[in-house]
Amino acid sequence: MVTTRRRNATSEVTAAKNTNIEDELSELAAESSPTTSNFIFKGVSYNSYEEMVKAKRMFNNEMLKKSGLLEASASFRENASGVTMKKVQASQRGLRVDRKRKDPTVPLSRRKSSRIAGVQADGMYIEDERSGGRIVIGAAGSSSALIPSEKVYFDDEKDKFYNNRVNDGSDLTIQDAVELVGHKWMKNTSVKNAEHCFETLSKLRDEISPTGSKEKASCSLVNQVDRMSVDNEKCVAKVVPDRIHSVAFHPSEHKLIAVTGDKKGYLGFWEVDALPTENDSETDGVTLFKPHAGAINSLEWNKSGSKLLSLSYDGTVRLFDINRQVFTEAFAAYDNSDEFKSKLGYGMDEGSKFYTQYACYDHRNEECIFLSTSLGGTGHIDLRVGKMTFDLSLSNKKINSVSLHPNGHTLATAGLDCEVNLWDIRKFTGLQSGSKLKPFTTQISSRSINSAFFSPSGKNLLTTTMANTLDIISDAHLQNGLIKNPNQRIKHHNQTGRWLSTFMAQWHPTATNEELFVVGSMSKPRRMEFFDGSTGEMIKGLDGECLTAVASRCCFHPSTRNLIALGGNSSGRLTIAR
DNA sequence: CTGGTTATTAAGGCG
DNA sequence: CGCCTTCCATAACCAG
């Protein structure tokens, strides 16, 4: 596309003959002697390079004027300064780097180039290098005894853990998890702040009734959508340093606490309405931890708000346990080396391109977890007995989401194989991991599927696809065979590209009388979109002064009384809509 | 069918 | 203000 456009542009330039500029150019050339020069532009020689460049510039400028591009660009800028397109600075609330603080760690010495120094290379080369990770050294066909003929791995520091994880899998205390954020984000008050955050959370634990709030909403949730806004500057804060991969709300109705996980494994807590006190005046209610070494792609609170599940690409699932005040490791994938034989995730890491992709609580019993991997594996972990109930290969491509129907036995998986598959997990127990299985129902898309979730009522299955659709299938769990057409197909631009997390449309987690969902959007001005899942209609595209970037990952607060939504963007900022 | 390469995309940080 | 980096996303394409 780009290359053809460029080609057209140049051909226009060369085709434009018989212009005044040509005459001017020849005048300019006449001043210079034509015979001895090497500086030639459009068949005319110039005395010096500078003169030729001058001529070239004149020609280009003239062409630009003639093309009308200058006017077009000027009028575009005028429009851009208007209301709709104005560039807004991102919110500075929340995490900030203190540039005055000095990094106490000694910087690594610069590597020197042997080639430039004129030194004979030793045949070793660096095949793959990741900051802080393993370095793979390959030897380019050398047979010298000093140089290994095979690839060798060596770690640049001694105490590295499997897959560069934060530790060996033992519990992380509050202090551990805070200190892991590193110097850049660490403050003198960080540990104290984190302890305060824990304290707040443990107080909330006692206030949550396990059955949820009994109070009825003043009006239906769908009607509340219209009242929502994102105009107050206090509805945005930077909560994690990097791109957001997951968002969740603590279930408390008394205090609004949002959590989010980013690309690097940071986990941020935000007490949204925290009053500026002595402790947190600098943090705007934000507390940062780093319990993982890779992107935190799933985050979910249990119903009582005592445990936060987090899954990371580093191959681990952790539980932030408020009662025990630690981050415990609930699951970790390992390769098939003997030393890991006793581990729950033994042999799951098949090496290249393996990572854990998605995890969620099993709502029949929150001591159990569903898990999916980049290689198409799907598992069910029973934490009570420390066993995998099943561990099956349900696809040969990555599985992006797993969702259990409220009936307790229909499982929907969706991913890169462009399929949404429904399985009866009652048939899974006891099966060997190599078993060949067939889903009882499949929906096939032309592109891969970002997510497929059952609504809390179980009535609808909502899928977000790279074919730019949001599909709603009613009573999918009752169907058999191939689902040809969804009941609703909403056109929705889902090409988030490489730098934004993919969209995953999310249901309101507790509303069973209304089918309400939220999804991020690429439209400008930036907005969060709310849909009625029973009609497939967009209720509202919520934009506002504080929504300056695409909210790729969104979710609702579980409260059925007050409708509150949360969006996370690619710079670690959270936006609250209420 | 698999492995390799490249295009696309948004947004903050920095000079 | 404009250039630079991001790089465990996907898809489309090509070669073997």
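By convention in this document, chain letters (A, B, ...) are assigned in the order of the sequence lines, proteins followed by strands, and residues within each chain are numbered from 1.
Side chains of Trp499(A) and Ser570(A): a donor-acceptor N/O pair is absent below 3.5 angstrom, by distance only. Using a 3.5 Å distance cut-off with no hydrogens or angles, the side chains of Asp471(A) and Gln443(A) do pair a donor with an acceptor. At a cut-off of 3.5 Å, with distance as the only test, a side-chain donor of Asp362(A) or His380(A) sits close to an acceptor on the other residue.
Between Asn297(A) atom CG and dC8(C) atom C1' there is a gap of 10 Å when expressed in whole angstrom units. Rounded to whole Å, the distance from NZ on Lys264(A) to C1' on dT6(C) is 9 Å. Atom CG in Leu375(A) sits roughly 11 Å away from atom C1' in dC8(C) (whole-Å rounding). Rounded to whole angstrom, the span from the CD atom of Gln357(A) across to the C1' atom of dA9(C) amounts to 10 Å. Straight-line distance from the NZ atom of Lys397(A) to the C1' atom of dC8(C): 16 Å, rounded to whole Å. Separating the CD1 atom of Ile244(A) from the C1' atom of dA11(B) is a distance of 13 Å, rounded to the nearest angstrom. Atom pair Asn396(A):CG and dC1(B):C1' shows a separation of 11 Å (rounding to whole Å applied). If you measure from atom CZ of Arg553(A) to atom P of dA9(C), you get 9 Å, rounded to the nearest angstrom.
With dT9(B), dT10(C), dG12(B) as the choices, the nucleotide that has an atom nearest any side-chain atom of Met522(A) turns out to be dT9(B). When the nucleotides dA11(B), dA9(C), dT9(B) are ranked by their closest atom to the side chain of Lys398(A), dA9(C) comes out on top. The listed nucleotides are dT9(B), dC8(C), dA11(B); the one nearest the side chain of Val550(A) is dA11(B). Closest contact between the side chain of Asn450(A) and the listed nucleotides dT10(C), dA11(B), dT9(B) involves dT10(C). Closest to the side chain of Arg498(A), out of dT10(C), dT9(B), dA10(B), is dT9(B). Closest to the side chain of Tyr355(A), out of dG13(B), dC8(C), dT10(C), is dC8(C). In this structure, of dA11(B), dT6(C), dG13(B), it is dT6(C) that holds the atom nearest to the side chain of Trp499(A).
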* Asked: Would Phe370(A) and Tyr361(A) count as a ring pair (Phe, Tyr, Trp, His ring centres under 6.0 Å) if you check the C-alpha gap in whole Å, the side-chain angles of each, and the deciding distance to 0.1 Å?
  -> CA-CA 6 Å; Phe370(A) 287 106; Tyr361(A) 282 114; over 10 Å; no
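Of the listed residues (Thr316(A), Asp335(A), Asp168(A), Asn167(A)), just one forms a side chain to side chain contact (heavy atoms under 4.5 Å, CB included) with Tyr162(A), and that residue is Asp335(A).
Residues forming a salt bridge (charged side-chain N to carboxylate O under 4.0 Å, His left out) with Arg165(A) (at least two apart in sequence, or on another chain): none.
Each of Ser571(A) and Lys353(A) lies near DNA chain B, and the nucleotide nearest Lys353(A) is the one positioned closer to the 5' end. With DNA chain C read from its 5' end, the first of the two nearest nucleotides for Asp242(A) and Asn400(A) is the one closest to Asp242(A).
For the OP1/OP2 pair of dA11(C) and a distance below 4.0 Å, the side-chain nitrogens and oxygens of Ser448(A) include at least one atom meeting the criterion.
Here, dA12(C) and dT9(B) have their P atoms 14 Å apart, quoted to the whole Å.
Around the CD atom of Gln495(A), the shell of radius 6.0 Å holds more than 12 heavy atoms that belong to other residues, nucleotides or ligands.
In summary, Asp314(A) and Lys264(A) do not engage in a salt bridge, as defined by a charged side-chain N under 4.0 Å from a carboxylate O.
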Please list, pair by pair, any protein nitrogen or oxygen found under 3.5 Å from a nitrogen or oxygen in nucleotides 12-15 of chain C.
from	atom 1	to	atom 2	distance (Å)
dA12(C)	OP1	Arg447(A)	NE	3.2
dA12(C)	OP1	Arg447(A)	NH2	3.1

